[in-house]
Amino acid sequence: MRTKFRTSRMPSGTRLSREFYQRDVLAVAQDLIGKSMIIRLPDMSYGNFPVNEVEAYRGSEDKACHAFRGRTRRTEIMYHEGGMLYVYLIYGMYWMLNVVTGKKDNPQAVLLRGVGNHHGPGKITRSFGIDSSFYGEDLTTSERIWFEDKGFKPEIKTGLRIGIDYAGEYWKTRPWRYFI
DNA sequence: TCAGTGATTAGG
DNA sequence: CTAATCACTGAG
């Protein structure tokens, strides 16, 4: 953390490490539930929002994962080692915020669907002004967004991933949505 | 139930 | 270049 942004309002906690994100996406997705998303707000203070809903997208095998169609400029960041952000625009209006997980060249990501009182992937990014400038952001070094463990261990429920009817019977029935 | 909205992608 | 698609949202 550069001194520049160290203020009295900086939250104290344990920033999640590279190792946390480098695990398989199903483990990371579940473990992200209850962790805190720390984000720098317009007034330069930091907001703390517990993650309450996510979905896992698991590699080139997963028909619902963007990496299913291979490496493209958009999906390139998913091939990086875990701990980066994958941000993309959908329907011309909504930025989707994803956390890249797994080892290098194993394209996986966790979609954030709910943090704090913000429910809905497009609403999260709209609320915090997250856009393409966050693409490739490194969560282990960023000064404007990262995740912390504050010791909150909620009970986790599972469900089907939303909006992937095109993915075929097997992939659309994986219970890879996790929520509180 | 359905329109809005534009980047991304595959294909010619 | 064209056209289809889309991990969504809000209005009616």
Side-chain angles (χ1 to χ4, degrees), chain A residues 16 20-35 37 39 47 49-139 142 145-147 156-180:
Chain A
L16 299 185
F20 175 92
Y21 299 109
Q22 283 187 319
R23 295 172 300 143
D24 183 79
V25 69
L26 299 186
V28 177
Q30 295 176 71
D31 288 351
L32 269 180
I33 296 293
K35 296 296 189 294
M37 183 180 86
I39 185 159
F49 303 90
V51 177
N52 55 52
E53 183 174 8
V54 302
E55 282 177 3
Y57 288 87
R58 196 169 189 232
S60 52
E61 300 280 299
D62 181 359
K63 288 187 76 172
C65 180
H66 289 167
F68 178 73
R69 303 202 174 278
R71 208 162 184 146
T72 66
R73 206 176 72 160
R74 182 177 68 160
T75 62
E76 183 63 30
I77 196 65
M78 277 202 277
Y79 291 79
H80 193 281
E81 61 183 353
M84 322 301 279
L85 288 185
Y86 168 43
V87 177
Y88 67 93
L89 185 69
I90 190 162
Y91 298 111
M93 303 176 152
Y94 307 105
W95 294 101
M96 300 284 104
L97 177 59
N98 298 255
V99 173
V100 173
T101 72
K103 302 292 188 186
K104 183 177 186 298
D105 294 324
N106 185 355
Q108 310 179 327
V110 176
L111 169 67
L112 270 68
R113 284 194 163 277
V115 300
N117 292 321
H118 304 85
H119 302 284
K123 293 184 190 173
I124 294 173
T125 53
R126 194 176 56 188
S127 297
F128 299 116
I130 293 168
D131 58 16
S132 63
S133 75
F134 283 74
Y135 182 96
E137 191 85 359
D138 187 340
L139 294 169
S142 176
I145 186 171
W146 66 90
F147 292 88
I156 300 171
K157 298 178 178 174
T158 66
L160 301 184
R161 293 179 293 177
I162 295 168
I164 56 157
D165 285 348
Y166 61 84
E169 197 55 33
Y170 180 78
W171 296 103
K172 76 181 194 182
T173 55
R174 292 312 88 202
W176 291 350
R177 180 162 61 93
Y178 304 101
F179 57 100
I180 297 177

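The sequence lines fix the lettering, A, B, ..., with proteins before strands; numbering per chain opens at 1. Keep in mind that this is a model prediction, so the values were computed, not measured. Side chains are part of it too, since the values below use all heavy atoms of this structure and drop only hydrogens, waters and symmetry mates.
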Undergrad: What is the separation between atom CG on A:L111 and atom P on C:dC6, rounded to the nearest whole Å?
TA: 16 Å
Undergrad: Between A:L32 and A:M37, is any pair of side-chain heavy atoms under 4.5 Å apart?
TA: no
Undergrad: C:dA7 C1' sits how many Å from A:L160 CG, rounded?
TA: 14 Å
Undergrad: Does NZ or CZ of A:R113 come closer than 6.0 Å to the centre of the six-membered ring of A:F179, within 45° of the ring's axis?
TA: no
Undergrad: Which residues pass the salt bridge (charged side-chain N to carboxylate O under 4.0 Å, His left out) test with A:R177, sequence neighbours left out?
TA: A:E53
Undergrad: Given C:dA7, is OP1 or OP2 found less than 4.0 Å from the side-chain N or O atoms of A:K172?
TA: no
Undergrad: Would you say that A:I90 contacts A:Y88 through its side chain, given a criterion of any heavy-atom pair below 4.5 Å between the two side chains?
TA: yes
Undergrad: Separation of A:Y88 atom OH from C:dT5 atom P, in whole Å?
TA: 17 Å
Undergrad: I'd like to know if the side chain of A:T75 reaches the main chain of A:M78, judged simply by a donor and an acceptor atom lying under 3.5 Å from each other, with no hydrogens or angles considered.
TA: no
Undergrad: Is C:dA11 paired to anything, Watson-Crick or G-U wobble with both distances less than 3.5 Å, and if yes, which nucleotide?
TA: B:dT1
Undergrad: What is the distance, rounded to the nearest whole Å, between atom NE2 of A:H118 and atom P of C:dT9?
TA: 13 Å
Undergrad: By nearest heavy atom, map A:K123 and A:I164 onto DNA chain C; which one lands nearer the 5' end?
TA: A:I164
Undergrad: Checking the side chain of A:N52 only, and the main-chain atoms of A:G116 only, is there a donor and an acceptor separated by less than 3.5 Å?
TA: yes
Undergrad: I want to check one thing: is the phosphate of C:dC8, taken as OP1 and OP2, less than 4.0 Å away from some side-chain N or O of A:R126?
TA: no
Undergrad: Let me know the distance between OH of A:Y57 and C1' of C:dC6, rounded to the nearest Å.
TA: 12 Å
Undergrad: Send over the distance from A:D165 CG to C:dC6 C1', rounded to a whole Å.
TA: 12 Å
Undergrad: Could you run down nucleotides 3-12 of chain B 5' to 3' and tag each one B, S or - for protein heavy-atom contact under 4.0 Å?
TA: -BBBSSSS--
Undergrad: Starting at atom CD1 of A:I130, determine the distance to atom P of C:dC8, rounded to an integer number of angstrom.
TA: 16 Å
Undergrad: Does the A:R23 side chain pair with the main chain of A:F20, one donor and one acceptor, at a distance under 3.5 Å?
TA: yes
Undergrad: Rounded to the nearest angstrom, tell me the gap between atom NE2 in A:H119 and atom P in C:dT9.
TA: 12 Å
